[in-house]
**Student:** 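For reference, the structure I am asking about is given below.
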Amino acid sequence: MVDPVAIRLASLTVSYRHGRGVTGLDLEMATGSVFGFLGPNGAGKTTAIRTLLDLLRPTSGSATVLGLDSVRDSMEIRRRTGYLPGDFVLPPQLTGAEALDWLASLRADRSPERRGELVERLGVELHRPIRQLSKGNRQKLGLVQAFQHDPELVILDEPTSGLDPLVQDEFHRLVREHAARGRSVFLSSHSLDEVQHVADTVGIIREGSMVAVESVDALRARGLRRMTIRVADAAEAQRRLQDLPAVSDLRVSGDHLDLAVSGSFDELLPVLADLHVLDLLSRAADLDEIFLAFYRGESTP
Amino acid sequence: MRRFPILSQELRDRRRSLLWWSVGVAGWIIVIAAMFPTIHESSGIAELVDQYPKGILALFGVSNMDFGSGSGYLAGELFGFVVPLLALMLTMGAGAAVVGGAEERGLLDLMLSHPIGRRRVLLESAALVAVLAAVFGLIVFAVLAIMDPIFGLELSMLNLFGTVVGVVLLAMVLGWLALVIGALTGSRGRALGVAGAIAALSYLLSSLSQLVDALRPLRLISPFWYATSGSPLVGGYTWWYALVLIAMGAAVLLIGVILFERRNLSS
């Protein structure tokens with residue numbers, strides 16, 4: 001039976017020397033979904049991910065992967081997952097093919113056809129020593145080794161770093177197909193823009209704590225909009241707009257006001273009508289801006 | 001799954017450097033052995049050596065220096081210092097690199113995200129160190145066995161074998177020590193530094209304990225003592241010392257496995 005939850009973190013706290021810890025992380029990721037784990041560098045993404053694979057041990061709380069405990073059942077977890085480390089390296093003296101063989105030799109199950117397909121789709125260089133490969137070409141090898149045994153769950157730490165845009169698109173298709181077959185993909189990123197194309201759900205982590213977990217659709221539906229208005233009296237406009245509950249992130253430059261609006265415009269429009277608006281531009285905020293709103297702690301979830 | 005994925009990959013990676021290392025070691029031994037007839041015939045050198053203070057000789061692993069016989073000559077020239085040193089360079093270098101070095105280079109994360117246990121990684125690495133030590137011992141034994149009739153060394157093959165066993169086990173124990181320190185610190189440099197310091201100390205303990213009475217009891221904790229003391233090439237190896245060395249190695253590995261299983265790896 002397939003566990004409906006692919007990853008569950010329950011009050012997970014990991015603190016260790018030299019490392020950026022996480023505190024009291026709670027998270028649930030549905031099987032068959034793509035989860036985007038977002039946060040800036042140093043927020044604790046890698047710490048949480050490495051705990052899933054038993055490279056780090058929970059100080060308190062627990063991490064459950066595919067219904068299995070991250071410490072006690074680690075071997076079984078690692079058998080059924082694929083992992084791309086954030087700082088992906090391979091032995092430089094091996095060729096790509098040798099490195100993939102070596103990693104496959106650490107597993108019981110291998111599928112040469114599957115590897116062949118991945119190698120072709122991503123355009124992987126197999127026959128040159130790894131030390132001669134660019135960052136992007138190494139990263140492609142990393143993707144192949146994470147997917148080559150067709151695991152139930154793929155965990156990818158900053159998977160697209162170094163990839164050129166065409167390969168990124170192919171990678172996104174790969175991730176979607178994987179999820180479409182009922183398998184799960186957990187990927188971290190510091191760019192929401194990138195994740196919103198592939199993820200169903202986004203979790204935002206900041207300074208070791210979860211800020212929010214929401215579906216990408218809900219994030220968009222929250223209706224955060226970005227508005228730029230030009231008015232005759234910017235100071236007056238700022239004074240009247242800044243106290244409205246729907247308005248956040250208000251910035252003034254000259255006669256322009258730049259603001260984020262969430263929810264309804266009902267309170268905003270009468271105020272604008274009074275203000276002698278010269279020009280008005282409103283557009284849907286992209287997730288980066290929603291994300292930034294979370295970061296400033298100015299959003300009301 | 002390959003039967004020993006870590007061991008076989010490491011051996012494959014090292015086959016070329018191991019080959020050249022072996023050629024070098026064999027060459028060195030042949031040169032030393034080839035000098036024996038000359039030194040044997042010129043009594044002056046033996047007298048010269050006799051005049052050295054005993055302390056200096058002991059420091060270089062030479063006790064009962066006796067150039068009159070092939071075994072005495074080789075015990076001083078090879079087995080007192082150079083052969084153990086070469087063996088330790090090989091096993092400690094590999095031991096420090098295989099887990100500590102892998103963690104330092106960021107490879108250990110990837111390796112351990114596969115379904116292979118930490119204990120397995122450590123024990124296969126220990127097997128690598130043991131294999132390297134054994135290959136080294138085999139080369140030393142084979143080269144000397146071949147040189148023996150050519151240069152009139154008149155070695156006892158049993159004593160030669162015992163001497164080599166001592167060196168192999170010594171190299172294995174200290175190689176395992178470097179392996180374990182590397183696995184616990186995640187640093188190849190620290191592994192080499194700490195294990196190297198322990199090796200140097202235990203060498204001094206073993207050799208100086210013959211001169212300084214206050215140090216005598218301490219020789220019993222030195223792996224060198226159980227490998228090289230009393231010129232085994234001349235007087236024969238004390239076979240039960242091999243068991244002590246194996247026990248020391250097993251203790252190091254056991255502690256290593258227990259602590260390695262529990263630690264947080266650095267990324």
Side-chain angles (χ1 to χ4, degrees), chain A residues 14-21 45-47 49-59 71 73-94 98-99 101-110 130 138 141-142 145-146 148-149 151 154-157, chain B residues 1-20 94 97-125 127-128 183-188 190 257-267:
Chain A
V14 183
S15 42
Y16 69 110
R17 268 189 320 145
H18 317 304
R20 309 205 187 246
K45 299 186 300 274
T46 298
T47 299
I49 286 176
R50 295 177 74 239
T51 307
L52 298 176
L53 293 152
D54 197 37
L55 300 166
L56 298 175
R57 302 280 156 77
T59 308
V71 177
D73 310 315
S74 173
M75 285 293 263
E76 178 69 5
I77 290 173
R78 288 186 264 156
R79 203 174 63 71
R80 290 161 60 182
T81 54
Y83 169 54
L84 173 64
D87 196 5
F88 179 67
V89 287
L90 284 169
Q93 75 279 11
L94 301 183
E98 285 169 341
D101 281 341
W102 171 59
L103 291 172
S105 78
L106 301 175
R107 296 189 179 280
D109 48 344
R110 27 177 149 179
I130 282 151
R138 289 179 205 192
L141 280 168
Q145 63 84 31
Q148 69 175 348
H149 52 294
V154 185
I155 298 170
L156 308 164
D157 195 356
Chain B
M1 193 157 165
R2 241 182 263 168
R3 209 170 159 77
F4 298 108
I6 309 283
L7 176 64
S8 54
Q9 184 64 39
E10 288 287 342
L11 281 175
R12 185 187 308 210
D13 286 351
R14 285 163 204 277
R15 65 196 158 183
R16 196 162 298 163
S17 63
L18 185 61
L19 178 71
W20 287 112
V98 69
V99 178
E103 183 169 351
E104 208 167 68
R105 286 180 296 154
L107 278 170
L108 195 63
D109 252 35
L110 181 64
M111 210 191 290
L112 285 175
S113 71
H114 288 72
I116 182 159
R118 294 189 188 187
R119 190 193 321 153
R120 175 81 179 268
V121 168
L122 201 70
L123 293 182
E124 279 197 37
S125 304
L128 168 77
L184 298 185
T185 60
S187 158
R188 180 172 163 272
R190 218 168 299 164
V257 166
I258 291 170
L259 296 180
F260 186 47
E261 289 270 11
R262 296 160 65 152
R263 75 174 268 263
N264 283 328
L265 303 180
S266 57
S267 59

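Numbered from 1 within each chain, the chains take letters A, B, ... in sequence-line order.
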**Student:** To the nearest 0.5 Å, how far apart are CG in A:Leu55 and CE in B:Met111?
**Tutor:**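 Nearest 0.5 Å value for the CG-CE distance: 11.5 Å.
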**Student:** CE of A:Met75 to CD1 of B:Ile116: how many Å apart, nearest 0.5 Å?
**Tutor:**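 Between atom CE of A:Met75 and atom CD1 of B:Ile116 there are 7.0 Å.
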**Student:** Is A:Gln145 in contact with chain B via its backbone, its side chain, both, or neither, using a 4.5 Å heavy-atom distance?
**Tutor:**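 For A:Gln145, the side chain is the part near chain B, not the backbone.
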**Student:** Which atom pair, heavy atoms only, marks the closest approach of A:Arg107 to B:His114?
**Tutor:**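 In terms of heavy atoms, the two residues are closest at NE-CD2, 3.4 Å.
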**Student:** Look up atom CG in B:Leu265 and atom CG in A:Asp54, then write down how far apart they are to the nearest 0.5 Å.
**Tutor:**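 Going from CG on B:Leu265 over to CG on A:Asp54, the span is 8.5 Å.
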**Student:** Kindly give the heavy-atom pair with the smallest separation between A:Val89 and B:Leu110, and that separation in Å.
**Tutor:**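 Shortest heavy-atom separation between A:Val89 and B:Leu110 comes out as O-CD2, 3.7 Å.
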**Student:** About how many Å separate CG of B:Leu107 and CH2 of A:Trp102, when rounded to the nearest 0.5 Å?
**Tutor:**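 Rounded to the nearest 0.5 Å, the CH2-CG separation comes to 5.5 Å.
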**Student:** Would you mind checking which part of A:Leu94 comes under 4.5 Å of any heavy atom in chain B, side chain (CB onward), backbone (N, CA, C, O), both or neither?
**Tutor:**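 For A:Leu94, the contact with chain B is made by the side chain alone.
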**Student:** Under 3.5 Å, side chain of A:Arg78 to main-chain N/O of B:Leu112, donor-acceptor pair present?
**Tutor:**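 Such a contact is found between A:Arg78 side chain and B:Leu112 backbone.
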**Student:** How many angstroms lie between OG in B:Ser113 and CG in A:Leu52, if you round to the nearest 0.5 Å?
**Tutor:**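 B:Ser113 atom OG to A:Leu52 atom CG measures 12.0 Å (nearest 0.5 Å).
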